[in-house]
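Worksheet: one structure, shown below.
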Amino acid sequence: MAEAIVFWTLAVLILGLGVMVISARSAVHSVLFLVVNFLLVAVLYVTLNAEFVAVIQVLVYAGGIVVLYLFVVMLVNLKKAPERYADPRRIAWTGTLLAGAVLAEVIAIVYASVSSDEAGAAGGGFGADTPFAECGAGPLVSCNTEQLGWVLYTSYLIPFELASMLLLVAMVGAIVLAKRHL
Amino acid sequence: MLEITPLHYSLLSAALFMIGVIGVLVRRNVIIIFMSIELILNAVNINLIALSDRLQDLAGQVFVVFVIAVAAAEAAVGLGIIIAFYRNKETVNIDEIQIMRW
Amino acid sequence: MLETVVVPLLKIAVLLNAVLVAVTFLVLMERKVIAWAQSRLGPMRVGPYGILQAIADPIKLILKEDITPAKADKYVFTLAPIMSLVPALVVFAVVPFGPDPLYYVSDINVGLLFIISVTSIGVYGIILGGWASNSKYPLLASLRASAQLISYEIAVTMTLVSVILTTGTLSLVGIVEAQREGGLWFAFVQPVALMLVFIGGLAETNRAPFDLPEAETELTGGFHTEYSGMRFSLFFLAEYANMIVISAIVVIMFFGGWLAPFPNVPALAFLGFLPPWVWFIGKIFLFLYVFIWIRATLPRYRYDQLMGLGWKVLIPIAIGNLVVTGILKVAF
């Protein structure tokens, strides 16, 4: 019951804020709604037993990436509103239509995979490759962080190193792009 | 309605995904389009975390960590491009970004 | 019901009130200490030795007229002070004042990461406050402030990682317990980290010598130039609450939290006659004194020096410290 209340509240807020992000007139307001949206998604992660990812979501997304967006919105101090000029060939409502098609498609996939999931679960087709380990501590103390670190540095070591390379490349690229004179 | 299954999370994720897609297709401010892409990535993350909890498999959470890393890289480069573009054309309207070079 | 709802709510109420009262007296303490540093008396009129000044100041701020500039973004202008105060107060949810569960609201497994991530939200208040004022100097100040906060956050976080490496836990209670078991405060194990966190903490709370976002002489007051009355006092509260947070982090990570000095020396065991929370708060106020002392002593950095210090000195040292800690951890 409590889970249902939490889920529905969060779901409504997350979707509502998502709509606000794409419909707000001022870009700064959009960024604000985006921050709150990310914080609520982090709360959702906590309810799904993923504390570490939730904290990383707040730290990296809400505290890092969105600050970057806010910076750019403030630097790009627009003299004319970007929505003023519209390409005459642009037909905006088809965007909504296409998005509706995407939603229908995704929902169809979800339902299809749920039915095959049940069939698979019945046949015992699902086995976790990297299961949650046992950790017998107090109620508030879970060992999500330790487990995740363990998996990340053993099974996923090479992807992890690749991600660090990607970040390095992105850092160099961003500096090259944003700097006037190298 | 009262019992929350992974299906609910998947539908939430799909709806958020669609909001992001609408933002990308309808808005003309490049920065807002980027933010919509972040919404899409978040929708995917919700799905991964929910299924990770359901299947008791940490792979989903590991994926989310990677998605966040890639999102950070994407934001850095993308916003760098926006700054460079704004410096040259004084606009962030996607309809005015049509030429491939100048 | 009593255990899960009433007791935590009571704890939160007591804690919030304690923090807010502490902030008002911290302001008085700052005025007094700076006055003494400059051979003055400081506030003396209200109450004996000016002690009641701590109550007079907030009353004055609350009664002042609350002005919103005509061209300001009204909603964001109101939201900004709240966004800077709330994270500063939320952090206290995981700060342990003593070994017993009675002394903290919660002890979560990712406590330290929680503190780092929540404090990183506080930067929004400053950026948005400057932007929403729709005025030159606040905007400049808020851009400066956010660049400064983000740069120093990297150094502080990197440094805290090396402390985590020595303890192997992110729980704040666990970190203090590790110091009790080791019998040694981490100030002696990680002296470089202590310096880095303290300097970074000064920068993150916008305190002198890193108070560029509030440089009166250059920016007419900084990001809160256009604020007055209650909303200004929220920014003010947030800054001082953040000082307490940074002091608490330094005390927990490096000075044994609620432990009496030298917990492993039997001759000093008599120090345990004071309850743990007295030790903890005493240490916090010692560091707050150092904060004020530094403000009274050092001149302000220039902006390029500030960024140079952050990126070219603190971050490389933090990375080096992390690498050395890792090597020593594997070696021993």
Side-chain angles (χ1 to χ4, degrees), chain A residues 1 3-4 7 11 14-15 18-19 21-22 27 30 34 41 44-45 48-50 53 56 60-61 64-65 68-69 72-73 75-76 82-83 85-87 90 92 95-96 98-99 102-103 106-107 110 114 126 128-132 147-148 151-152 156 159 163 166-167 170-171 173-174 177-178, chain B residues 1-4 7-8 10-12 14-23 25-29 31-32 34-36 38-39 42 45-46 49-50 52-53 55-59 61-62 64-66 68-73 75-77 79-84 86 90-93 95-96:
Chain A
M1 185 62 199
E3 196 199 354
F7 174 79
I14 287 172
L15 292 180
V19 171
V21 170
I22 61 163
S30 272
L34 194 68
V41 171
L44 196 69
Y45 292 171
L48 287 166
N49 305 316
V53 178
I56 289 296
V60 178
Y61 255 126
I65 296 177
L68 212 59
Y69 277 100
V72 173
V73 168
L75 280 178
V76 178
E83 309 287 319
Y85 168 82
D87 194 309
R90 171 183 277 273
T96 320
L98 284 172
V102 169
L103 179 70
V106 171
I107 288 178
V110 165
V114 163
F126 271 98
D129 297 327
T130 45
F132 286 23
Q147 291 169 16
L148 198 60
V151 173
L152 206 56
Y156 293 90
L166 174 74
L167 285 174
M171 196 159 79
L177 279 168
Chain B
M1 194 71 183
L2 281 178
E3 198 204 351
I4 303 301
L7 179 65
H8 288 89
S10 293
L11 291 180
L12 168 65
L16 193 59
F17 191 96
M18 187 200 67
I19 292 172
V21 171
I22 293 177
L25 291 175
V26 172
R27 291 303 297 254
R28 293 193 289 274
N29 186 338
I31 302 173
I32 299 203
F34 263 89
M35 286 191 245
S36 308
E38 301 292 345
L39 281 182
N42 253 276
N45 286 352
I46 290 175
I49 295 279
S52 153
D53 185 48
L55 299 175
Q56 291 290 299
D57 187 336
L58 272 175
Q61 297 187 14
V62 173
V64 172
V65 172
F66 288 137
I68 291 178
V70 172
V77 176
L79 294 174
I81 292 173
I82 292 176
I83 295 274
Y86 177 75
E90 295 267 307
T91 177
V92 288
N93 187 335
D95 284 354
E96 293 178 47

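Residue numbers start from 1 in every chain, and the chains themselves are labelled A, B, ... in the order their sequence lines are given, proteins ahead of strands. As the structure is a prediction and not an experimental result, all values here were calculated from the model.
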For chain B, which candidate among [options] shows the most heavy-atom pairs at distances under 4.5 Å?
| options | value |
| --- | --- |
| Leu68(A), Leu98(A), Ile107(A) | Leu68(A) |
| Gly64(A), Ala170(A), Ala99(A) | Ala99(A) |
| Val106(A), Val60(A), Leu34(A) | Leu34(A) |

Among Val21(B), Leu16(B), Ile19(B), who wins on heavy-atom pairs under 4.5 Å with chain A?
-> Ile19(B)

Count the heavy-atom pairs under 4.5 Å between each of Ile49(B), Val70(B), Ile22(B) and chain A, then report the option with the highest count.
-> Ile49(B)

Will you find, in the side chains of Gln61(B) and Tyr45(A), an N or O donor that is under 3.5 Å from an N or O acceptor?
-> no

With only heavy atoms counted, which part of [X] is less than 4.5 Å from chain A, the side chain, the backbone, both or neither?
| X | value |
| --- | --- |
| Val64(B) | side chain |
| Ile83(B) | side chain |
| Ile82(B) | side chain |

With a 4.5 angstrom heavy-atom cut-off, is it the side chain or the backbone of [X] that approaches chain B, or both, or neither?
| X | value |
| --- | --- |
| Leu15(A) | both |
| Ala50(A) | both |
| Val19(A) | both |

So do Val41(A) and Tyr61(A) actually touch side chain to side chain, heavy atoms under 4.5 Å?
->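 In short, these two side chains do not touch, never coming nearer than 4.5 Å.
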
So, do Phe66(B) and Leu152(A) sit near enough that their side-chain heavy atoms are less than 4.5 Å apart?
->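 The answer is yes, as the side chains (C-beta and beyond) meet within the 4.5 Å cut-off.
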
Worked check of side chain to side chain contact (heavy atoms under 4.5 Å, CB included) between Asn45(B) and Val53(A) = CA-CA 10 Å; Asn45(B) 286 352; Val53(A) 178; over 6 Å; no

Taking only residues two or more places apart in sequence, or in another chain, which ones meet Phe17(B) in a ring-ring contact (aromatic ring centres under 6.0 Å, His included)?
->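 With neighbours one apart ignored, the set is empty.
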
By side chain to side chain contact (heavy atoms under 4.5 Å, CB included), Ile81(B) pairs with (sequence neighbours left out) Leu177(A), Val77(B)

Audit row: Val65(B), Leu148(A), side chain to side chain contact (heavy atoms under 4.5 Å, CB included) steps and yes/no | CA-CA 10 Å; Val65(B) 172; Leu148(A) 198 60; 4.2 Å; yes

Take the angle between the ring planes of Tyr69(A) and Phe34(B) and call it parallel below 30°, perpendicular above 60°, tilted in between.
->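 Tyr69(A) and Phe34(B): tilted rings.
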
